[in-house]
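Labels below follow one simple rule: chain letters A, B, ... track the order of the sequence lines, proteins then strands, and each chain is numbered from 1.
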Number of protein chains: 2
Amino acid sequence: MIRNLTEHDKEHLQEALVKSGQKVTPQREAVFTVLLAERDHPTVDEVFNRAREVMPGLSLATVYNCLETFVGCGLVRQVNHERESTRYCPNLAPHAHFRDKETGQVHDIELPPEVMKSLRSILPPGFDSEVIEISFLGRAQAKDTHSN
Amino acid sequence: MIRNLTEHDKEHLQEALVKSGQKVTPQREAVFTVLLAERDHPTVDEVFNRAREVMPGLSLATVYNCLETFVGCGLVRQVNHERESTRYCPNLAPHAHFRDKETGQVHDIELPPEVMKSLRSILPPGFDSEVIEISFLGRAQAKDTHSN
DNA sequence: AACACAGTTAGAATGAGTCTAATCCGCAAG
DNA sequence: CTTGCGGATTAGACTCATTCTAACTGTGTT
């Protein structure tokens, strides 16, 4: 089920929040806990439902707020696929996403630095990019790494 | 403004439609004409407004239908950026998209085959991908190639 | 104790996209 | 012809993720 945050994760959360002038609140802890509990890529609704088990009064708006705050201070990444609901991902290492056409599951794909470099190199002069999103769509019959 | 389709483009449209069992209709021609007229990345609404100049009775639903049909028979690509409205792109050559953070304009970025290959190579065994989407977000002070 | 103020809350509002049911149109059969 | 069929088109209702709003809460401050 949903374990509490380790000391380490708690510090991580606190540091990131404080650094961008935000406060640590019980709701934010709860949402962050949910995100770390399963390293999948939950939608806002999934986060909401999971977090409610731990904090029943929590409102959907707050989940939106928390997640937005986390994105703002670099704690999590948003993952968008086509027009589906936005998903959230606490894996901060540079990685691509692979979405299984049939199951809808999203898998993290590691991005070696040389691939990142070759991608950056295809930008014509004058183009300066901060964020590169790479997403695959297909079929995976994987034994599961980080799934959903 | 909006010119008529060249013979060549008309054949292209007809061939693709017929090949997937669809009919050529005036509405589809109008929408396709709009897409080719400016090689930008219009939203459904933009396509709708432009196409209305040429065919005033055209309905929004039809524009959605036409574009869906075109995507289905490989005539155009959808371009999604975060949660913004879907845009449509008649450039079929493999390419990435660069979105200017400030202007919102979308630029096509050519994708050399070796980059495609290196991307495909990072997929672990068992993962089979048909579609790869690559999008950059940043600032461009470009002299303009294919813009918007 | 009174204040300020960020965070939280419920519910209303938004807006892209989808669905539905009615109509239209081209064409093949009678 | 004219009738009937099926796909395409249409207007408008609907959905649903997300955003907005305005009231409320809780904590720390003077």
Side-chain angles (χ1 to χ4, degrees), chain A residues 13-14 16-34 41-52 54-73 75-89 104 106, chain B residues 13-14 16-34 41-52 54-73 75-89 104 106:
Chain A
L13 172 64
Q14 167 157 9
L17 284 173
V18 170
K19 198 183 301 180
S20 43
Q22 309 280 345
K23 292 179 185 161
V24 180
T25 69
Q27 287 85 347
R28 286 174 181 169
E29 276 194 21
V31 170
F32 194 60
T33 305
V34 164
H41 299 80
T43 61
V44 173
D45 241 57
E46 286 162 352
V47 173
F48 180 51
N49 289 321
R50 294 178 198 171
R52 284 260 238 188
V54 155
M55 182 180 274
L58 185 69
S59 90
L60 180 59
T62 300
V63 176
Y64 274 100
N65 291 339
C66 290
L67 290 169
E68 194 194 337
T69 303
F70 293 165
V71 170
C73 60
L75 276 170
V76 306
R77 263 175 70 181
Q78 281 186 322
V79 184
N80 288 294
H81 263 296
E82 326 243 298
R83 304 236 95 238
E84 291 176 8
S85 311
T86 300
R87 292 173 176 277
Y88 291 83
C89 163
V106 176
Chain B
L13 171 64
Q14 165 155 12
L17 283 173
V18 170
K19 198 183 301 181
S20 42
Q22 308 282 343
K23 292 178 185 165
V24 179
T25 68
Q27 288 84 347
R28 286 174 180 170
E29 276 193 21
V31 170
F32 194 60
T33 305
V34 164
H41 300 80
T43 61
V44 173
D45 241 59
E46 286 163 352
V47 173
F48 180 51
N49 289 321
R50 293 179 198 171
R52 283 261 238 187
V54 154
M55 182 180 273
L58 185 69
S59 90
L60 179 60
T62 301
V63 176
Y64 274 101
N65 290 339
C66 290
L67 289 170
E68 194 193 338
T69 304
F70 293 165
V71 170
C73 60
L75 276 170
V76 305
R77 263 175 71 182
Q78 282 185 322
V79 184
N80 288 295
H81 263 296
E82 326 245 299
R83 305 234 97 237
E84 292 176 9
S85 311
T86 300
R87 293 173 175 276
Y88 291 83
C89 162
V106 177

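- The nearest whole Å value for the distance from the CG atom in B:L17 to the C1' atom in D:dA8 is 12 Å.
- In this entry the distance linking CD of A:E46 with P of D:dC16 reads 16 Å, nearest Å.
- Here B:T86 reaches the OP1 or OP2 of C:dG17: one of its side-chain N or O atoms lies under 4.0 Å away.
- Atom P of nucleotide D:dT19 and atom CD of B:E84 are separated by 12 Å, given to the nearest angstrom.
- In this structure, the CD atom of B:E29 is 14 Å from the C1' atom of D:dA8, given to the nearest Å.
- The residue among B:A61 and A:V44 whose nearest nucleotide of DNA chain D lies closer to the 5′ end is B:A61.
- In this structure, B:E82 places its CD atom 17 Å from C1' of C:dG15, rounding to the nearest Å.
- Atom pair B:Q27:CD and C:dC25:P shows a separation of 9 Å (rounding to whole Å applied).
- In terms of heavy atoms, B:L58 sits closest to B:F48 at O-CE1, 3.3 Å.
- In this structure, OH of A:Y64 is placed 16 Å from P of C:dT8, rounded to the nearest angstrom.
- Nearest-nucleotide positions on DNA chain D place B:L60 closer to the 5' end than the other of A:T43 and B:L60.
- Using modelled atom types, no side-chain atom of A:R50 and backbone atom of A:D45 make a donor-acceptor pair closer than 3.5 Å.
- Using a 4.0 Å cut-off, no side-chain N or O of B:T25 falls inside it from OP1 or OP2 of D:dA8.
- Considering CD of A:Q22 and CZ of A:F70, their distance stands at 10.0 Å, rounded to 0.5 Å.
- Residue contacts for B:L58: at a heavy-atom cut-off of 4.0 Å it reaches the sugar-phosphate backbone alone, with no base atom in range.
- Counting non-hydrogen atoms under 4.0 angstrom, B:T62 reaches a base of the nucleic acid.
- Atoms CE (A:M55) and C1' (D:dG26) sit 13 Å apart, rounded to a whole Å.
- The backbone N or O of B:V44 lies less than 3.5 Å from no partner atom in the side chain of B:R87, so there is not a single donor-acceptor pair.
- Counting any heavy atom pair closer than 4.0 Å across all strands shown, B:N65 reaches a base atom.
- Residue B:R83 places no side-chain N or O under 4.0 Å from the OP1 or OP2 atom of D:dA17.
- B:Q22 comes within contact range of the sugar-phosphate backbone alone, with a heavy-atom separation under 4.0 Å but no base atom that close.
- No donor-acceptor pair closer than 3.5 Å links the side chain of A:R52 to the backbone N or O of A:V47.
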